[in-house]
Amino acid sequence: MNSETESGRSVVSRVPRVLDVGVTVSAIVFWAIVLYWARTQGWGRVQYGVIFIGAILTVYALDQSRQAFEEGDRIDAAVLLPASIVLITASVYFALNFDRVYVQQQGYALEHEYMLARLIILSILYLTWREFGNLFLGLVGGVILYGMYGDAISGILGHGGMTELTLLQSLVTDLYGFYGSLTQLTAAWIAPFLLYAGLLFAYGAFDLILRVAIESANYIRSGVAQTAVLASTVIGSINGSYTANAAMTGSFTIPTMKDSGMAPHRAAAIEAVASTSGQVLPPVMGASAFVMASYLGVAYLNVVIAGLVPAAILVASIGIAVHYTAISDASSQEMNFTEFFDEQLTQREKFVEAVRFGVPFLVLVYYLGIAQYTVMTAAFWTIVSMILTGVFFPVVQRLLDDSASGAVSEFIAQFWNTVRGFRRGAIILAPIAIILAAVNGVVDIFSVTGVPNKIALLLIDLSGGVLLLAVLLAMLVCILMGIGMPTVAAYVIVAILIAPTLISDFSIPEITAHYTVFYAAILAGITPPVATAAVVTAGIAEANFWRVCGAAIKIAAPLFVLPIAFVYNPAMISMSFGLSTVIAGALVLLGAIAIIYGLNYPFRMRFGRRVVLRVALTVVGTVVMVYPGRFVKLAGIALFVGIFVMEKVMVRGMDLPFFQGVGQ
């Protein structure tokens with residue numbers, strides 16, 4: 001009996017290892033499918049979307065089952081596997097019967113296909129709950145119930161209701177809904193770039209970023225905090241979830257800031273803001289840039305160009321706010337390089353690493369910006385060049401410095417790094433694919449029931465046709481819709497519900513309206529009472545959640561004004577970058593700096609005067625950011641400059657405390 005028991009335990013202990021190998025193999029097969037399609041587009045886009053869902057869910061099911069077994073959670077694995085198998089089976093079935101289901105049977109389905117559709121909906125609901133919690137489950141489930149029972153609702157939001165079969169056709173069997181445009185966009189545009197991100201991680205690009213950031217701490221007084229900002233914003237731009245980014249980079253940056261002497265709530269606030277603001281940085285913008293380009297029907301590069309000035313304003317103002325926050329604590333803000341890395345890179349090694357990661361990026365810029373190729377083709381050749389430089393640059397370097405045997409061992413090491421990059425990219429992508437499939441279903445029901453038009457009528461009615469009130473109400477809806485969601489999912493919802501109203505009823509340019517709702521949606525990460533990014537960082541820092549939120553809002557205050565500034569200063573968001581864009585952006589940036597200076601600068605004066613000055617500067621900065629008239633902007637800037645200089649002359653004697661060794 002004991003031998004049988006031990007044998008059973010041995011089999012169970014081997015399950016995670018087998019699943020681990022399965023994750024790697026399935027990830028490689030998945031990316032082979034993605035890269036094949038990006039190069040050849042051998043299937044139609046809808047059919048490819050169906051195949052994509054089945055392939056990525058295979059990776060997800062194996063990976064999550066492995067984690068469940070390792071944690072001893074057999075119940076989770078027992079529910080997860082059937083749900084995943086349903087979706088994988090459905091993808092195989094629809095792919096094999098694509099012409100009949102998609103072409104010949106539009107508007108109806110066979111009985112067993114309706115039964116499969118019911119199982120798919122339940123599986124999607126379970127996976128979204130498992131991955132994103134009760135809030136998102138409530139959204140998706142609530143919209144499904146709204147679609148079916150809208151006839152029971154009185155007033156403007158009521159509708160005729162959808163029968164069960166109509167709902168099943170809309171969400172599944174017509175191959176729209178869960179398999180619709182967002183899923184296809186994820187498969188065609190977003191997926192290859194997340195493979196690129198996975199390879200960057202695997203080859204050590206973010207290690208290089210941290211090295212650069214840590215070395216900069218020797219020259220800037222707020223070096224430790226700025227390191228957190230740099231690392232979190234760069235990584236956050238790619239991974240597409242401010243909550244995940246806060247957990248990943250915060251586990252490193254927050255303890256480092258605390259060790260330097262910074263208060264825990266301020267360290268947590270800086271990380272929460274950096275993780276949230278990284279979602280708007282071009283060229284990836286948390287994967288939202290691709291979706292925005294698709295909605296607007298413009299080239300992806302145009303969306304990136306339009307986002308450069310807003311991103312520059314945000315990064316500059318947050319960098320200044322973080323500096324003031326750091327020096328307010330009188331923390332050391334010095335970093336010992338050897339605490340994080342065993343050895344420093346030589347100048348030649350730094351150059352080689354810069355070229356190693358720079359060449360693929362230049363390939364991307366060339367194919368997208370100069371040659372004007374499609375996103376899929378540009379992504380394909382970027383990935384190919386990343387693999388070539390990622391593997392062979394270290395091999396050639398070892399061959400020059402060492403021996404042939406050393407080069408062989410380096411090649412083997414980089415080969416396995418490539419495999420890890422494929423695996424990591426698939427694991428990062430899987431939750432995004434799941435939530436966008438679910439959001440695609442939500443959008444489809446909204447479209448069928450006419451919700452966007454009803455939201456438009458409500459917004460006009462509540463605002464009384466006043467643009468400022470309409471924008472403020474739109475921002476409120478965007479924040480509520482963005483709670484607990486990855487960036488791209490939040491953007492999709494508000495782009496469907498809010499942006500059309502701003503465009504059609506208030507004559508706001510399309511690109512401006514979409515950037516307005518996009519920036520507003522990410523505010524959910526730091527806006528209480530939910531503030532999911534702040535929740536994560538507060539837990540890591542062991543700090544009070546409300547103090548973290550307060551500090552985060554002070555640091556990111558211009559982010560709450562920027563969506564309004566976009567509407568009243570549309571020149572700053574332009575797909576044709578020119579002098580008017582630079583001037584508009586510069587004026588808004590000065591207003592943002594006035595707000596940051598007012599809220600975060602460590603003034604040396606009595607409490608009452610300090611409060612009055614902070615309020616006055618915040619008001620002046622807000623007016624400068626929002627007001628469209630250039631004369632008022634210049635007057636406000638002049639007032640801010642006057643206060644700035646007077647404070648330096650009267651209190652600090654022109655001491656400008658920024659660089660090490662200067663001032664106090």
Side-chain angles (χ1 to χ4, degrees), residues 16-17 19-35 38 52 55-68 70 84 131 186-187 189-210 231-252 275 278-279 283-284 286-287 290 353 356-357 360-361 364 379-380 382-391 393-394 412-436 486-488:
R17 290 198 294 272
L19 290 172
D20 191 60
V21 173
V23 173
T24 303
V25 172
S26 62
I28 293 171
V29 172
F30 167 74
W31 288 121
I33 293 171
V34 171
L35 293 176
F52 170 85
I56 191 61
L57 279 169
T58 301
V59 179
Y60 178 82
L62 291 171
D63 180 59
Q64 296 299 311
S65 297
R66 174 189 61 81
Q67 292 186 33
E70 287 178 347
S84 302
E131 197 64 40
T186 305
W189 287 13
I190 296 175
F193 280 89
L194 289 180
L195 172 56
Y196 178 42
L199 291 171
L200 286 173
F201 271 102
Y203 292 138
F206 295 104
D207 176 82
L208 183 65
I209 291 169
L210 283 176
S232 298
T233 51
V234 171
I235 296 172
S237 173
I238 295 173
N239 74 0
S241 170
Y242 46 71
T243 306
N245 189 45
M248 181 171 61
T249 58
S251 59
F252 160 76
S275 296
Q279 307 297 304
V284 181
F290 308 109
E353 287 293 283
R356 183 188 183 198
F357 297 115
F361 183 74
L364 175 63
F380 175 83
T382 300
I383 290 165
V384 170
S385 61
M386 185 70 260
I387 293 172
L388 291 175
T389 60
V391 172
F393 267 51
I412 294 172
Q414 296 305 327
F415 169 80
W416 286 113
N417 279 340
T418 305
V419 171
R420 292 187 192 99
F422 275 58
R423 176 185 169 122
R424 185 183 184 102
I427 290 173
I428 294 172
L429 172 63
I432 295 175
I434 289 170
I435 196 170
L436 285 181
T487 303
V488 65

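Bear in mind the structure is a predicted one, so any value in this text is a computation, not a measurement. What you see below is based on every heavy atom in this structure, not just the backbone, and it leaves out hydrogens, waters and symmetry mates. Sequential numbering from 1 along the given sequence is applied to the chain's residues.
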Can you measure from CG (L194) to CD1 (I432) and round to the nearest 0.5 angstrom? 5.0 Å
Flag the pair F361 / M386 as yes when at least one side-chain heavy-atom distance between them is below 4.5 Å, and no otherwise. no
Rounded distance (nearest 0.5 Å) linking atom CZ of R420 with atom OG1 of T24: 9.5 Å
For F393, is the NZ or CZ atom of R356 found under 6.0 angstrom from the centre of its six-membered ring and inside 45 degrees of the ring axis? no
I383 side, atom CD1; L364 side, atom CG - distance, nearest 0.5 Å: 10.0 Å
Straight-line distance of W31 CH2 to T418 OG1, nearest 0.5 Å: 14.0 Å
Please find the pair of heavy atoms, one from T186 and one from A433, that lie closest to each other, and give the distance. CG2-CA, 4.3 Å
Quick check: closest heavy atoms across G22 and L62, and the distance to 0.1 Å? O-CD1, 3.4 Å
How about T58 and V29: do any of their side-chain heavy atoms sit closer than 4.5 Å? no
Quick check: do E131 and I435 have side-chain heavy atoms less than 4.5 Å from each other? no
List for me each residue that meets ring pair (Phe, Tyr, Trp, His ring centres under 6.0 Å) alongside Y203, sequence neighbours excluded, and say none if there are none. none
Kindly indicate whether the side chain of L35, heavy atoms from C-beta on, has any atom under 4.5 Å from the side chain of V384. no
What's the shortest heavy-atom distance between A55 and I33, and which atoms? CB-CD1, 4.2 Å
Between V391 and N417, is there a side-chain heavy-atom distance shorter than 4.5 Å? no
Going from OG on S385 to CZ on F357, what distance comes out if it is rounded to the nearest 0.5 angstrom? 12.0 Å
Decide yes or no for V59 and F422: does some side-chain heavy atom of the first lie under 4.5 Å from some side-chain heavy atom of the second? no
Looking at CZ of F415 and CD1 of I387, how far apart are the two atoms once the value is rounded to the nearest 0.5 Å? 10.5 Å
Check whether any side-chain heavy atom of I56 lies under 4.5 Å from a side-chain heavy atom of L429, and answer yes or no. yes
Taking all atoms of both residues into account, what is the closest heavy-atom pair of L19 and S65, and its distance? CD1-C, 3.8 Å
Mind jotting down which residue pairs meet the salt bridge (charged side-chain N to carboxylate O under 4.0 Å, His left out) criterion with at least one end in residues 55-67? Sequence neighbours excluded, please. D20-R66, D63-R66, R66-E70
In short, side-chain hydrogen bond (donor to acceptor under 3.5 Å, both in side chains) pairs touching residues 189-198 with sequence neighbours left out are none
